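These notes are about the structure you will find just below.
Everything numeric in this text was worked out from a predicted model, so none of it was measured. Positions are given from 1, in the same order as the sequence printed here.
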Amino acid sequence: MSDTPDSAVRQYIEEHRAAFLDDLVEWLRIPSVSAQPEHDADVRRSADWLAERLTATGFPVAEVWPTAGAPAVFAEWPSDDPDAPTVLVYGHHDVQPAAREDGWHTDPFEPEIVGNRLYARGAADDKGQVFFHTLGVRAHLAATGRSAPAVHLKLLVEGEEESGSPHFRELVEANAERLRADAVIVSDTGMWSEDTPTVCTGMRGLADCEIELYGPDQDIHSGSFGGAVPNPATVAARLVAALHDDEERVTVPGFYDGITPLGDVERALFAELPFDEGDWLATAQSHGTLGESGYSTLERVWARPTAEVNGIGGGYQGPGGKTIIPSSATLKLSFRLVAGQDPGRIEAAFSQWVAQRVPEGIRYSLTFGAATRPCLTPLDHPALRSVVRSMSRAFDGRKIRFTREGGSGPAADLQDVLGAPVLFLGISVPSDGWHAPNEKVELDLLLKGVETAAYLWDDLAGALGRP
C-alpha cells in the first residue's frame, strides 16, 4: 500500500546514519534513571533534550508535559491531508539504574560503538527504539517528496516506565483529546531473533499484592502454645498451597472468566517459531518446565494468566532452631493477566478468596500495587497488516512471524482510554540485555527500525484512511 520507494529510503538513511548515531549517543549520555531521586534532574534534562531534537526533526509541536513524577514528551506533526488517519507512537525516555560495578565493561552512560553494536544503558530499552522514529519520518518525507507525514503523527514518550508508570494513566486521561488517535504504535518491544523478524501482538497485564498476616502479639513458645493458637506462617503456607490445583490452574473463583481464548490460528503461528525448550530453560536457568495443563511453554508465558508467589517469609530464619510460633508472616504475589481479564475484578475475587481462608484469630492486611491492563491486537486488524508489510519490506521481503510479550507495560492504558488498537514495532533482540549490564543494540537492526517506520506512515494512511 505504500508509495515510498525502497531505494530512496535506504539512500537517505545511509546518508544520515552518522549524524543520527551522533545524536543518539548524546541522548544516551543523559542518565535518566527514574527510579533514583538523585537523577530527577537528569530525567528532566532528557525530556528537554528530546523535545528540542523533535523540533529540529520538523515536528511543529514538541512539548514537555509535567506529571506528579517525571515529565513526558509530546510531539505532533499534522498531515497536509486533513482526512488522514492519526497515529500515536509511544515509548519512554527513562532508563534502568546502571553502574560500572554491576558488571559493565564500560561506563553505562558513556556509549561505545564496538563493531556493529552500540553499548549503553537505554540503547535498546528504550531510547534507541524511540529515536529511530526521528530518522524514519525524515526518510519518509525525503523519499516521497512530502512536506508533512502521510498521517497525522503524534508521539508520547513517558519518563516513568521503568518505575511502573505510576502517573501514566492519569496523564493519558487528562490529555485524551490531544492524544486521540486511530492507532497506537508501541516501540518498546523486541523481535524473536536477528534471523527471525517478528511482530508482537499483545502484552499481559499485571496485578500484584502483599499480604501481612498477624497472629500472637509477639513470638511465643511453640511448646507452651503450639497446637492451640493459629500460626500465621502456617496460614501463609496454606494460602500458597491452595492457590493452584493439580493441573496448575489458579483456584480463585472467576479468575478465568471472560478470557479471550487462544485460537487455533495463533497457536499455529506460535508453533512456527524456532523454539528450543532446552535453550529456553538454559536462559531461564531452570531445571524443568511446569505450568497449566494443555498449553505449550510459549502459550503459557504469552497467552495464559498466572499467579506467582514472589516472596514468602515469617518466623525465625537464623542458624539452628528456635521453637516459636511467629507473630507474623508475609506473602508477596503477582498475577499476570491476559485479554478479557480486568485487574479490578481479579483483585476483588482474590480478596474474597483470601477472606474465606484466613482463620479466626489471624488478623491480616491485603494491599494491591498499581495494576496494568492486558492488551491484544486482533490478527486481522488492517493496522497490524500495515506493520507487517512495512517490516517485511525493511527485511528484504522476509516472512514476518508473530509473538506476544509475557511481561507487562502501560500500552493497555492507551488502548483503554483512547479506544484505539495498539500495535507493536520493536527491533530489539534478546541478546540486547535489557535491564542487564552491557545493554546494547544491533545497529543494523536499529536501522531496520528506521526503515520500517519510513514505510509505515504511507501504508497506514492507505489502510486506515477515511473515505
- Indicate yes or no for a side-chain donor-acceptor contact from Glu451 to the backbone of Arg10 under 3.5 Å, with no hydrogens or angles considered. no
- Are any side-chain N or O atoms of Gln129 and backbone N or O atoms of Ala124, one a donor and one an acceptor, separated by less than 3.5 Å? yes
- Item | With Asp208 via salt bridge (Lys or Arg N to Asp or Glu O under 4.0 Å) - residues at least two apart | none
- Could you tell me whether a side-chain N or O of Arg204 sits under 3.5 Å from a main-chain N or O of Gly406, the two making a donor and an acceptor? yes
- Message: Test of understanding: with salt bridge (Lys or Arg N to Asp or Glu O under 4.0 Å), list the residues that count as partners of Glu63, not counting sequence neighbours.
- Response: Arg178
- Name all residues meeting the salt bridge (Lys or Arg N to Asp or Glu O under 4.0 Å) criterion together with Arg45; count only those two or more places apart in sequence or in a different chain, and write none if there are none. Asp42
- Message: Nearest 0.5 Å, please: how far is OH in Tyr455 from CG in Leu460?
- Response: 15.0 Å
- Give the ring-plane orientation class for Phe275 versus Trp192, where under 30° counts as parallel, over 60° as perpendicular and anything between as tilted. perpendicular
- Task: May I ask you to check whether Ser293 and Arg249 show a side-chain donor-acceptor distance below 3.5 Å?
- Result: no
Output side-chain donor-acceptor pairs under 3.5 Å for residues 164-173, partner residues at least two apart or in another chain, one line each.
{"unit_1": "Ser165", "atom_1": "OG", "unit_2": "Glu158", "atom_2": "OE1", "d": "3.3"}
{"unit_1": "Ser165", "atom_1": "OG", "unit_2": "Glu158", "atom_2": "OE2", "d": "2.7"}
{"unit_1": "His167", "atom_1": "ND1", "unit_2": "Glu160", "atom_2": "OE1", "d": "2.9"}
{"unit_1": "His167", "atom_1": "ND1", "unit_2": "Glu160", "atom_2": "OE2", "d": "3.2"}
{"unit_1": "Arg169", "atom_1": "NE", "unit_2": "Glu173", "atom_2": "OE2", "d": "3.1"}
{"unit_1": "Arg169", "atom_1": "NH1", "unit_2": "Asp413", "atom_2": "OD1", "d": "2.9"}
{"unit_1": "Arg169", "atom_1": "NH1", "unit_2": "Asp416", "atom_2": "OD2", "d": "3.1"}
{"unit_1": "Arg169", "atom_1": "NH2", "unit_2": "Asp416", "atom_2": "OD2", "d": "2.6"}

- Check whether any side-chain N or O of Thr57 sits under 3.5 Å from a backbone N or O of Phe59 as a donor-acceptor pair, and report yes or no. no
- Query: Quick one: side chain to side chain donor-acceptor pair (under 3.5 Å) partners of Ser334, sequence neighbours excluded?
  - Reply: Asn310
- Item | Among Gln96, His93, His92, the one residue meeting side chain to side chain donor-acceptor pair (under 3.5 Å) with Glu161 | His92
- Task: Using the test side chain to side chain contact (heavy atoms under 4.5 Å, CB included), find all partners of His105 that sit at least two apart in sequence or belong to another chain.
- Result: Asn438
- Item | Set of side chain to side chain donor-acceptor pair (under 3.5 Å) partners for Gln11, sequence neighbours left out | Glu15
- Can you name the closest pair of heavy atoms from Leu418 and Leu179 and give their distance? CD1-O, 3.5 Å
- Item | Heavy-atom closest contact (Thr134 atom, Val137 atom, distance) | O-CG1, 3.3 Å
- In short, Leu141 meets Trp77 closest at the heavy-atom pair CD1-CH2, 3.3 Å
- Between Ala307 and Val250, what is the shortest heavy-atom contact and its length? CB-CG2, 3.8 Å
- Asp195: what forms a side chain to side chain contact (heavy atoms under 4.5 Å, CB included) with it, not counting sequence neighbours? Ser193, Arg398
- Do Thr297 and Trp280 have a side chain donor and acceptor closer than 3.5 Å? no
- When the aromatic ring centroids of Phe131 and Phe20 are compared, is their separation below 6.0 Å? yes
- Query: Side chain of Lys127, backbone of Trp27: donor and acceptor closer than 3.5 Å?
  - Reply: yes
- Message: Going by salt bridge (Lys or Arg N to Asp or Glu O under 4.0 Å), name the pairs with one or both residues in residues 90-116, residues two or more places apart or in two chains.
- Response: Arg29-Glu110
- Between Ser163 and Ser34, is any side-chain donor less than 3.5 angstrom from a side-chain acceptor? yes
- Query: How would you list, by chain and number, every residue that makes a side chain to side chain contact (heavy atoms under 4.5 Å, CB included) with Tyr295, sequence neighbours excluded?
  - Reply: Arg267, Glu292, Glu299, Arg300, Arg304
- Message: Determine whether Arg53 and Glu26 satisfy the following criterion, salt bridge (charged side-chain N to carboxylate O under 4.0 Å, His left out), listing intermediate values before the conclusion.
- Response: CA-CA 11 Å; Arg53 180 48 49 192; Glu26 182 179 323; 5.8 Å; no
- Message: Can you give me the closest heavy-atom contact between Pro374 and Leu337, atom names plus distance?
- Response: CB-O, 3.5 Å
- Message: Quick check against the 3.5 Å criterion: does Ser187 have a side-chain atom that pairs as donor or acceptor with the backbone of Gly426?
- Response: no
- Message: Lys322: which residues meet the salt bridge (Lys or Arg N to Asp or Glu O under 4.0 Å) condition with it, sequence neighbours left out?
- Response: none
- Task: Mark yes or no for whether Asp245, through its side chain, and Glu247, through its backbone, hold a donor-acceptor pair below 3.5 Å.
- Result: yes
- Message: Can you list everything that forms a side chain to side chain contact (heavy atoms under 4.5 Å, CB included) with Pro108? Sequence neighbours excluded, please.
- Response: Ala98, Trp104, Arg121
